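Input: a single structure, listed below in structure tokens.
Each ligand, and each atom within it, is numbered from 1 in the order the structure gives. Keep in mind that what you see is a predicted model, and the values were worked out from it rather than measured.
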Amino acid sequence: MSSLVQAQQITKEYQTGPVKALALQGVNLTVSKGEFLSIIGPSGSGKSTLLSVIGGLCTPTRGSLKVDGFNVYDLPQEKLADYRREYIGFVFQQFQLIPYLTALENVMLPLVAAGLKNNQQVAAAKEVLEKVGLGQKTQRLPSQLSGGEQERVAISRAIVNKPPLILADEPTGALDSRTTEEILELLAQLHSEGQTIIMITHNPKVAARAQRIVEIVDGKIAS
Ligand SMILES: Nc1ncnc2c1ncn2[C@@H]1O[C@H](COP(=O)(O)OP(=O)(O)O)[C@@H](O)[C@H]1O
Ligand SMILES: [Mg+2]
């Protein structure tokens, strides 16, 4: 399979005043199109930083990131924003839904940014919410949904634009074991449909649901 992501010798040093934190130290990672990869490692090992680098949110101190053959951090600012919008669907542990927008409106957000007509936005958002089993709850606010349902809305928002790459940072970290199972099944279903997914977790059982596991320790790939 051809590679979608090629991270080469990625180093990231955060500087907070006089204090430096070396979050990533020469990480090499290749992800194939259609792969479901999990990244595991202890807290503070650099997992979220690596995902932010891949997602175009965090410029590495050294190293290069190629996605679909182009160098992401060689792009000018506005093209970098296009990259994030067109290539990446982000899913976070804390869902990060807008509290005063309905499930439908939350899922429509990336389509607003993409400049689609309103009726097209509604149709596309409804279709995805139906796919994740929330067809009857499109008008609910996040506070009127369970944690698992909120995460399904967050996943819907991430996939509605059909981005080539889903980046999920501890997507089941805030969920109980039964709901975790539902979310993992949904991710597995997306993967079976050809979606490329990179999922961070510190839970080995969750990680085992991916095709491949990469372990990161102290900012380095350990295995
Ligand atoms: N914005 C930031 N500013 C300064 N240090 C940071 C920042 N984000 C992360 N770090 C530091 O970088 C290291 C890796 O953090 P992170 O990538 O969040 O790890 P993980 O997701 O594996 O818990 C930690 O030492 C953390 O304190
Ligand atoms: Mg993290």
Subject >> Per-atom contact, atom 27 (O) of ligand 1, protein heavy atoms, under 4.0 angstrom >> reply: no
Original post:
Are Glu193 and Lys131 close enough, and set up right, to give a salt bridge (Lys or Arg N to Asp or Glu O under 4.0 Å), and what steps lead you there?
Top reply: CA-CA 12 Å; Glu193 294 167 6; Lys131 178 189 173 83; 2.6 Å; yes
Please write down residue, atom name and distance for the protein heavy atom closest to [atom].
{"atom": "atom 23 (O) of ligand 1", "value": "Gly44 N, 2.7 Å"}
{"atom": "atom 18 (O) of ligand 1", "value": "Ser48 CB, 3.8 Å"}
{"atom": "atom 9 (C) of ligand 1", "value": "Tyr14 CE1, 3.3 Å"}

Close-contact set for ligand 1 against [X] heavy atoms, below 4.0 Å:
{"X": "Ser43", "answer": "23 (O)"}
{"X": "Ala23", "answer": "12 (O), 13 (C), 14 (C)"}
{"X": "Thr49", "answer": "15 (O), 16 (P), 17 (O)"}
{"X": "Thr16", "answer": "4 (C)"}
{"X": "Pro42", "answer": "22 (O)"}
{"X": "Ser45", "answer": "19 (O), 20 (P), 22 (O)"}

**OP:** Please examine the side chains of Tyr73 and Pro60, heavy atoms only from C-beta on, and report whether any two atoms are closer than 4.5 Å.
**Re:** yes
Original post:
Do Leu104 and Leu129 come close enough that some side-chain heavy atom pair is under 4.5 Å?
Top reply: yes
Original post:
Which atom pair, heavy atoms only, marks the closest approach of Val214 to Ile221?
Top reply: CG1-CD1, 3.4 Å
Original post:
Is there a donor in the side chain of Tyr14 and an acceptor in the side chain of Thr61, or the other way round, less than 3.5 Å apart?
Top reply: no
**OP:** Using distance alone, decide if ligand 1 has a nitrogen or oxygen within less than 3.5 Å of any nitrogen or oxygen in Gly46.
**Re:** yes
**OP:** Examine Ala21 against ligand 1 and note whether any of their N/O atoms are separated by less than 3.5 Å.
**Re:** no
Original post:
Is Glu215 salt-bridged to Lys47, cutoff N-O under 4.0 Å?
Top reply: no
Subject >> Salt bridge Glu182-Arg178, side-chain N to carboxylate O under 4.0 Å >> reply: yes
Original post:
Is the closest heavy-atom distance from Gly219 to ligand 1 below 4.0 Å?
Top reply: no
**OP:** Go through the steps for Lys79 and Asp74 under the test salt bridge (Lys or Arg N to Asp or Glu O under 4.0 Å), then give the verdict.
**Re:** CA-CA 10 Å; Lys79 294 277 179 204; Asp74 286 350; over 6 Å; no
Original post:
Knowing that exactly one of Ile166, Ile39, Val206 qualifies, which makes a side-chain contact (heavy atoms from CB on, under 4.5 Å) with Met199?
Top reply: Val206
Original post:
N/O/S atom of Thr49 under 2.8 Å from the Mg ion (ligand 2), yes or no?
Top reply: no
